[in-house]
Amino acid sequence: MERVRFAPSPTGPLHIGGLRTAIFNYLYARKHKGAFILRVEDTDLNRYVEGSERYIQESLEWCGMVPDEGPFNGGSLGPYRQSERKSIYLEYIQILLAKGKAYYAFDSTDELSAARSLAELQGETFRYGAHNRANFVNSLTLNENEIEERKKGDYVIRLKVDPGAIISVFDEVRGTVSVATDELDDKVLMKSDGMPTYHFANVVDDYLMKITCVIRGEEWLPSLPHHQLLYNAFDWKSPKFMHLPLILKPNGKGKLSKRDGDKDGFPVFPLQWKDNVGFKEKGFLPESMVNYLVLLGWNSGKEDEFFTLSELEGLFSVSGVQKGGARFDYEKARWINHQHLLKKTPQELLTLEAFKLALNNFSFDQKFKIATIIKDRLYTLDDIQEEVKIFNTPYPFDNDAIEKLLPKNPLQVLQKAESILNSGEHTVALKETLLDWAKKQSISVGVLMQSLRIALVGKLTGPDLFDIIEILGNSVSLLRIKNAISYINLKQKS
Ligand code: GLU
């Protein structure tokens, strides 16, 4: 059975890049009828941000991707928070020490910074490894007694990388990645605070949680040879690896950051975090979020780009994952959201909070009809307010439009409409009666419609006018026409 994990660090809100990684993991799991696991990588106590773990879980739930196993969902291979797995790491580091694959290093921070500065002076990047580990204070250079004595103080445990070999790892997206072990440092596996480093905890947990494919961002690709060395050191079979391409800024230059969102006015978080509104609050449907994000680095091979979550669960394939960076495009995200809104029935739309709020004052029949006629005008749920406004009031009138209409005698049209509605004619018949009349009077359809539109909704844009009139009903339409007549009369006198 395939098992994948999304392994965020709770250092703040989930960025859409992180959410994209979660989506790929989730889809991979569903496609293979496997398990989607949430693992919280909270070994860096200094970077822990209160509330971020909940935020991550809520973001996943909002998208409809409830983990099969995780800190909030339980599971048999937990605990799913690394901070609760300390004893496991201690047990596994002992195995590496016993095998001679890891060693204690007692160098002080000062000693290490001195060595770093010296290397920099010589124009080199400092690396603690096979070529210089003999010059440092570690369990490879000290005798038994010295080691025991030193272990009473602070120390770290490092991976012993043997030189002279080539380490090759296969990435499902990029193919084989090879590095000479001479290039690799002896990575710290256990820190002086007794916590494991990301590299060590990650490998131990992926093994113990029976992860079959590691799907994560491209930024982790350079760590892959070290991870492979750890699998080798334990004599474990490594999982498959898939590194997802970077999400690029809208201009394609560099990695997308929160600053880009602040600058261009788009969210970078799925849900509200402190003062930052998320996609949800901006009026995006969760299914649009998932659909848009999966397109950042994956191609279905089909022309169509519009997919529901369940369609994606069947369609997703590793072969569609691209290598090159994917440019973030907010307008496209809005377009995808628009497509998802269009697909919804009025009944479905009316279950959404934004619709409920905006249409609170209307009868069920009106709500249904309003939802029907405005949905193709919505890009985000935020647009509802503006679209619904015209059903509440036609004011303020668009005066520029009225000024332009005045020479074309809009009153003539409005008075006719008034008399038809006054005679009690049903709004449904109004259109035909008016069009016939206008034809006989040689009044253009344009003038007819513009005059009525200004009177009924105050401006020249909006959904089909006769649909609006039908929703408003005879008496409200009549009242609006009468008010517009008075307004235009006053305007003409002034
Ligand atoms: N904790 C790492 C992160 O926050 C996870 C990397 C991985 O998936 O291995 O990105």
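As the structure lists them, so they are numbered: ligands from 1, and atoms in each ligand from 1.
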In terms of atom number and element, which parts of ligand 1 are under 4.0 angstrom from non-hydrogen atoms of [X]?
X	value
Glu41	1 (N), 2 (C), 5 (C)
Asn202	7 (C), 9 (O)
Arg5	7 (C), 8 (O), 9 (O)

Would [X] and [Y] pass as an ion pair if we require N to O under 4.0 Å?
X	Y	value
Glu53	Arg81	yes
Glu69	Arg39	no
Arg133	Asp186	yes
Lys258	Asp260	no
Asp68	Arg30	yes

Ligand 1 versus Phe6: contacting region, heavy-atom distance under 4.0 Å =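 No part of Phe6 comes within reach of ligand 1.
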
Identity and distance of the protein heavy atom lying nearest atom 9 (O) of ligand 1 | Tyr198 OH, 2.6 Å

Does an N or O anywhere in Ala7 fall below 3.5 Å from an N or O of ligand 1?
-> yes

